Amino acid sequence: MSAMIEVAHLKKSFGAKEVLKDLSFSLQKGEIYALLGSNGAGKTTTIKILATLAHQNSGFAEVGGFDVEKNPQKVQEVISLTGQFAAVDEMLTGLENLVLIGKLRHLKEPQKIAVTLLEKFGLTAAGNQLVATYSGGMKRRLDLAMSLVGSPKIIFLDEPTTGLDPESRLQVWDFIRDLKKAQVTILLTTQYIEEAEQLADRVGILKNGALIKEGTPQDLMAEVDQGVDLSFYNMADYQQAIAILQGRTLQFFPEILRLQVITTGSAEDFAQVVVDLEKAGVTFRKFGKMENKLEDVFLKIIQEGK
Ligand SMILES: Nc1ncnc2c1ncn2[C@@H]1O[C@H](COP(=O)(O)OP(=O)(O)O)[C@@H](O)[C@H]1O
Ligand SMILES: [Mg+2]
């Protein structure tokens, strides 16, 4: 099966500033791919090129099987945009905004589609109010609803939850999961590692104009240390545990009587740590698997560079 999005050796500079140096990645149909990177890494620039709103200096980019430079109109027909491009008109109502997009996309029943989308995004009651009166969360939901007009097969979500309150963020995540069920291909950019962990099939970490890492969230998380997380009741037990576990790599958190023991990641080695402590009569308040967060991987990778 051919890719829905194919990017190869993409380069983009603004004046002397090289933003994208050699960016390559691809998305299969129905895949959610999260482009992760710090502020200024070039995420929006990438999406703009794919959405035909900016031109690359060199390299290749194809969306829905169409070359963004040779066939921009065709690309525009298969995509939709949202996020930092919010095209919402504040002086129209929510309903009017949706109908307008439907008409621009030459749909047969723009009014009907608009009403359905208002309902889906919990905006029915506010449908006839000016968008200028909407909260930030409502505007973002309207923006997402607008991106769905015409049922695009490929959706770009540029930092879809930046600045949202936690409840609205969860709603947006649910909406993105629904899109995936409908086999929509989604390129998502985010600064939130947790968002990538929650939603993405694959993650690419963008730094210095290229991907410095790519894989499933699980692949990336496997790159950081595995181990046991121990908490103690008192300093005596904490100290004794350190003595017993001599020879292992430890991470110390004395102020909260917590110790992390790096293991090979196997269940046996994990159990061995606990057994060694029990044998020596060290009591501990609780133990568990060290939490591995994509965040740890991100920080490790960003710090190490390539
Ligand atoms: N139109 C532009 N002219 C000049 N510099 C730009 C322009 N757009 C983006 N940049 C610069 O390119 C870099 C990447 O920007 P951007 O793609 O918006 O990053 P991100 O979305 O990852 O935060 C930044 O340093 C930004 O200042
Ligand atoms: Mg951006």
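The structure presented is a predicted model; accordingly, all values stated were derived computationally and were not measured.
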[X] to [Y], cation-pi by 6.0 Å centre distance and 45° axis angle:
| X | Y | value |
| --- | --- | --- |
| R141 | F121 | no |
| R202 | F25 | no |
| K12 | F14 | yes |

If you measure only the distance, is there a donor-acceptor pair under 3.5 Å linking the side chains of [X] and [Y]?
| X | Y | value |
| --- | --- | --- |
| D237 | T283 | yes |
| Q191 | T162 | no |
| S266 | D269 | no |

Transitive ILVMFWY side-chain link [X] to [Y], under 4.5 Å:
| X | Y | result |
| --- | --- | --- |
| F252 | V228 | yes |
| I101 | L92 | no |
| V115 | I113 | yes |

From CA spacing to verdict: side-chain contact (heavy atoms from CB on, under 4.5 Å), V282, D276
CA-CA 9 Å; V282 178; D276 287 350; over 6 Å; no
Can you check whether V19 reaches T46 side chain to side chain, under 4.5 Å on heavy atoms?
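Counting from C-beta outward, V19 and T46 never come under 4.5 Å.
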Decide yes or no for L35 and L211: does some side-chain heavy atom of the first lie under 4.5 Å from some side-chain heavy atom of the second?
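Answer yes - side chains close enough.
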Does a side-chain N-to-carboxylate-O contact under 4.0 Å join [X] and [Y]?
| X | Y | value |
| --- | --- | --- |
| K181 | D178 | yes |
| D158 | K43 | no |
| E18 | K11 | no |

Any donor-acceptor pair under 3.5 Å linking the side chain of R140 with the backbone of P160?
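It does hold such a pair.
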Distance check, rounded to the nearest 0.5 Å: I32 atom CD1 versus K180 atom NZ?
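Rounded to the nearest 0.5 Å, the CD1-NZ separation comes out at 5.5 Å.
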